[in-house]
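See structure below.
Per chain, numbering begins at 1; letters A, B, ... match sequence-line order.
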Amino acid sequence: MRRDMSKIRVRFAPSPTGYLHVGGARTALFNWLFARHNKGDFILRIEDTDQIRSTNQSIDEIMVSLQWLGIDWDEYYRQSERSDLHQRAAEQLLDADAVYEEEGALWFKVPEQGEIMVNDLLAGTVIFANEQLKDFVIRRSDGSFTYNFACVVDDSDLHISHVIRGDEHLNNTPRQILLYHALGMPVPKFVHLPMILGPDKTKLSKRLGATSVLDYKARGFLPTALLNFFARLGWSHGDQEVFTKQELIDLFGLTAIGTSAAIFDEEKLLWLNGRHIKLIDPEKLVALVEPFVIEAKIADQIQWQSIEHARLVSIVTLLRDRSHTLIDLATAMAILFPITFDYDAETARQYFSPDKINLMEGIIAALQPLDQFTAAAIEAQLRVVAAEQGVKLKDIAQPCRYAVTGQTVGPGLFHLLEVIGKELTLQRLSDRLAAMKRDG
RNA sequence: GUCCCCAUCAUCUAGUGGCCCAGGAUACCGGGUUUUCAUCCCGGCGGCAGGGGUUCAAAUCCCCUUGGGGACGCCA
């Protein structure tokens with residue numbers, strides 16, 4: 001087989017012992033961006049040599065997570081299916097007298113003297129003394145191969161050009177280099193990424209929870225926002241904060257990666273998600289928010305489909321300015337559906353007091369005759385009512401808004417009413433008026 | 001304990017010896033715009049961990065201290 005040896009080939013090599021968390025996702029992203037930027041290959045290799053802890057469910061979840069993020073791979077391998085390769089390499093070391101057997105396990109002999117130099121593209125040259133490395137197992141007594149060994153054999157066999165991985169692997173690197181040398185294989189370039197720490201400043205762990213990529217999906221984050229956020233944890237491009245996926249690919253480079261660990265700050269992610277929600281095509285936003293509307297039981301499938309598509313596009317365009325997540329957006333969309341609001345007693349006293357009955361009647365009378373229920377027409381009519389009643393526009397707008405949306409805050413009222421539609425608007429206003437008369 | 005890595009506002013970061021008595025972003029606090037809230041715009045708060053060097057000049061280079069993190073498995 002011929003290969004272009006200069007081609008950039010990187011891999012993401014997760015162990016399938018749990019879900020994909022944000023630290024792993026960031027590592028995957030940096031590898032992927034590096035590959036895509038350089039027109040190289042991105043390989044997904046599942047490191048499932050720990051047969052006890054590895055699960056298929058975990059493999060599925062990792063793949064689903066990556067797919068959702070939009071990180072696609074060019075090749076896929078499972079380390080456990082490559083044991084023939086590992087076995088041959090082990091025998092090669094056995095023949096070379098580089099390993100010895102003890103209690104059924106195969107141990108690699110580390111020279112007692114000397115030192116091993118790691119040339120990391122980020123950390124620079126790091127020197128390890130052999131004496132503190134100690135011999136290590138490459139094949140367990142059950143016949144399976146350990147991480148350090150399988151990793152080296154696979155990276156070598158797959159012609160990985162750059163090993164881009166978390167900082168916590170830096171200490172493994174001298175052992176791996178020793179293995180490359182013993183196997184007579186070329187050593188790839190190493191890039192050890194600074195870690196992502198939790199809010200407590202310790203290593204992100206699966207035990208801590210809430211760091212799963214899929215959790216962020218469920219909480220209404222956009223994959224592009226997450227990608228953007230992950231990229232900015234350690235990587236930067238001047239003062240730019242918001243990046244599209246394509247910009248990330250175009251601009252990404254190893255030299256712009258920092259060296260210190262970063263803490264995962266959800267506040268900023270929330271802000272960034274809001275920015276991406278404003279950036280995305282409204283048509284796509286409609287499709288993205290639908291499952292959240294259904295999930296939250298704001299509307300069922302039938303009700304959702306009963307709304308004209310154009311109205312859905314209009315409403316998300318109006319509502320997205322104040323949405324940080326798709327859940328925010330879905331929640332705000334409740335006004336489109338025939339639900340009853342829980343009017344807060346105190347707020348209702350303010351807007352629906354008996355002295356407001358004339359006002360409410362005026363609003364209804366003004367909107368009732370409109371044939372074209374458009375924002376412009378609604379605004380014109382409501383301004384007339386305000387003038388006639390001798391009050392400010394807000395004194396009309398707020399009671400009207402509260403009656404029709406159950407909220408005191410929201411998008412511009414005229415456009416909002418247009419999207420909600422004449423029927424629902426008038427029905428809600430009439431219901432309120434009736435209640436005001438009854439209670440008053 | 002041993003080894004390794006790291007060190008600019010609370011947080012993410014720009015900064016590769018002079019352009020920096022340090023810039024941007026989030027958060028927070030004011031103000032403006034608006035029918036409300038948000039968005040948006042303007043302003044404010046806030047940092048080069050400490051100490052030694054090197055240099056005409058250091059956030060930037062070197063050393064030490066301190067602090068933080070990681071690794072020390074027949075886990076990955």
- Note on the structure: Result for 5'-nearest mapping on RNA chain B, choosing between A:Ala123 and A:Ala13, is A:Ala123
- Mind checking the C1' distance from B:A27 to B:U11? Whole angstroms is fine. 8 Å
- Query: Should B:A38 form a Watson-Crick or G-U wobble pair with both distances under 3.5 Å, which nucleotide is its partner?
  - Reply: none
- Query: Is there a residue in residues 316-325 of chain A whose heavy atoms reach under 4.0 Å of RNA chain B, and which residues are they?
  - Reply: A:Asp321, A:Arg322
- Can you tell me the distance, in whole Å, between the CD1 atom of A:Ile127 and the P atom of B:C3? 14 Å
- Task: With RNA chain B as reference, determine whether A:Leu122 or A:Glu267 sits nearer its 5' end, using the nearest nucleotide of each.
- Result: A:Leu122
- Message: Measuring only the P atom in each nucleotide, how far is B:G67 from B:G31? A whole number of Å is fine.
- Response: 44 Å
- Message: Using 30° and 60° as the class boundaries, would you call the ring planes of A:His169 and A:Tyr147 parallel, tilted or perpendicular?
- Response: tilted
- Message: Quick check for you: among B:C4, B:C72, B:C74, whose closest atom lies nearest to any side-chain atom of A:Lys134?
- Response: B:C72
- Task: For A:His192, report the nucleic acid contact type (base, sugar-phosphate, nothing); a contact means any heavy atom under 4.0 Å.
- Result: nothing
- A:Lys356 side-chain N/O to A:Met436 backbone N/O, donor-acceptor pair under 3.5 Å: no
- Item | Rounded distance in Å between the P positions of B:U60 and B:A22 | 15 Å
- Task: Could you identify which residues of residues 404-421 of chain A place a heavy atom less than 4.0 Å from some atom of RNA chain B, listed by residue number, or say none?
- Result: A:Thr408, A:Val409, A:Gly410, A:Pro411, A:Gly412, A:Leu413, A:Phe414
- Please state the C1' separation for the pair B:C48 and B:G73 - nearest whole angstrom. 41 Å
- Excluding sequence neighbours, so at least two apart, what forms salt bridge (charged side-chain N to carboxylate O under 4.0 Å, His left out) with A:Lys268? A:Glu241
- With a non-hydrogen cut-off below 4.0 angstrom, is A:Glu241 in contact with a base, only sugar-phosphate, or nothing? base
- Query: Using the P atom in both, what is the distance from B:C45 to B:A7, to the nearest Å?
  - Reply: 28 Å
- Query: Roughly, in whole Å, what's the span from CD1 in A:Ile138 to P in B:C74?
  - Reply: 13 Å
- Item | Interatomic distance where CH2 belongs to A:Trp235 and P belongs to B:G24 [whole Å] | 20 Å
- Do the ring planes of A:Tyr351 and A:Tyr402 sit parallel (below 30°), tilted (30 to 60°) or perpendicular (above 60°)? tilted
- Message: From CG of A:Leu329 over to P of B:A38, roughly how many Å is that when rounded to an integer?
- Response: 18 Å
- Task: Side-chain contact test, heavy atoms from C-beta onward, threshold under 4.5 Å: evaluate it for A:Thr405 versus A:Arg428 and give yes or no.
- Result: no
- Message: Work out how far the P atom of B:A10 is from that of B:G1, and round it to whole angstrom.
- Response: 29 Å
- Message: Is there a side-chain contact between A:Trp235 and A:Arg26 in this structure, where contact means two heavy atoms from C-beta onward sitting under 4.5 Å apart?
- Response: no
- If we only count heavy atoms from C-beta on, is the A:Ile59 to A:Asn56 side-chain gap below 4.5 Å? yes
- Message: In whole Å, I'd like the distance from the CZ atom of A:Phe190 to the P atom of B:C4.
- Response: 18 Å
- Message: Tell me the interatomic distance from A:Leu121, atom CG, to B:C5, atom C1', rounded to whole angstroms.
- Response: 16 Å
- Note on the structure: Residues A:Leu370 and A:Lys422: closest non-hydrogen pair is O-NZ, 2.6 Å
- Message: From CE of A:Met117 over to P of B:C5, roughly how many Å is that when rounded to an integer?
- Response: 13 Å
- Message: Please determine whether a side-chain nitrogen or oxygen atom of A:Ser260 lies at a distance below 4.0 Å from atom OP1 or OP2 of B:C5.
- Response: no
- Query: Under 4.0 Å between a side-chain N or O of A:Lys203 and OP1 or OP2 of B:A71?
  - Reply: yes
- With C1' as the reference atom in both, quote the distance from B:A57 to B:G17 in angstrom, rounded to an integer. 7 Å
- From CA spacing to verdict: salt bridge (Lys or Arg N to Asp or Glu O under 4.0 Å), A:Arg82, A:Asp157: CA-CA 10 Å; A:Arg82 301 167 59 80; A:Asp157 179 68; 2.7 Å; yes
- A:Phe352 and A:Phe341: aromatic ring centres closer than 6.0 Å? no
- Item | Interface with RNA chain B, restricted to residues 90-115 of chain A and to heavy atoms under 4.0 Å | A:Glu103, A:Ala105, A:Trp107
- Item | Residue-level proximity of residues 385-400 of chain A to RNA chain B when a heavy atom falls under 4.0 Å | A:Leu393, A:Lys394, A:Ala397, A:Gln398
- Message: Side chain of A:Asp167, heavy atoms from C-beta onward: which of B:G24, B:C5, B:A76 has the nearest atom to it?
- Response: B:C5
- Smallest heavy-atom separation, A:Leu285 atom then A:Ile277 atom, equals CD2-O, 3.8 Å
- Message: Students often get this wrong, so: under 4.0 angstrom with heavy atoms, is A:Ser141 touching a base, only sugar-phosphate, or nothing?
- Response: base
- Item | A:Asn172 CG to B:C3 P, straight-line distance once rounded to whole Å | 18 Å
- Message: Would you say that A:Phe264 contacts A:Thr211 through its side chain, given a criterion of any heavy-atom pair below 4.5 Å between the two side chains?
- Response: no
- Message: Is there a side-chain contact between A:Thr49 and the phosphate of B:A76, meaning an N or O under 4.0 Å from OP1 or OP2?
- Response: yes
- Query: Centroid-to-centroid, A:Phe30 to A:Phe230, below 6.0 Å?
  - Reply: no
- Compare every heavy atom of A:Ile298 with every heavy atom of A:Ala330, then report the nearest pair and how far apart it is. O-CD1, 3.1 Å
- Query: Rounding to the closest angstrom, what is the interatomic distance between B:G47 and B:C21 at atom P?
  - Reply: 16 Å
- Message: Please verify the inter-ring angle class for A:His192 with A:Phe190; under 30° counts as parallel, over 60° as perpendicular, anything in between as tilted.
- Response: parallel
Under 3.5 Å, which donor-acceptor pairs link side chains of residues 96-113 of chain A to any protein atom two or more places apart or in another chain?
residue, atom, partner, partner atom, Å
A:Tyr100, OH, A:Asp135, OD2, 2.8
A:Lys109, NZ, A:Asp97, O, 3.3

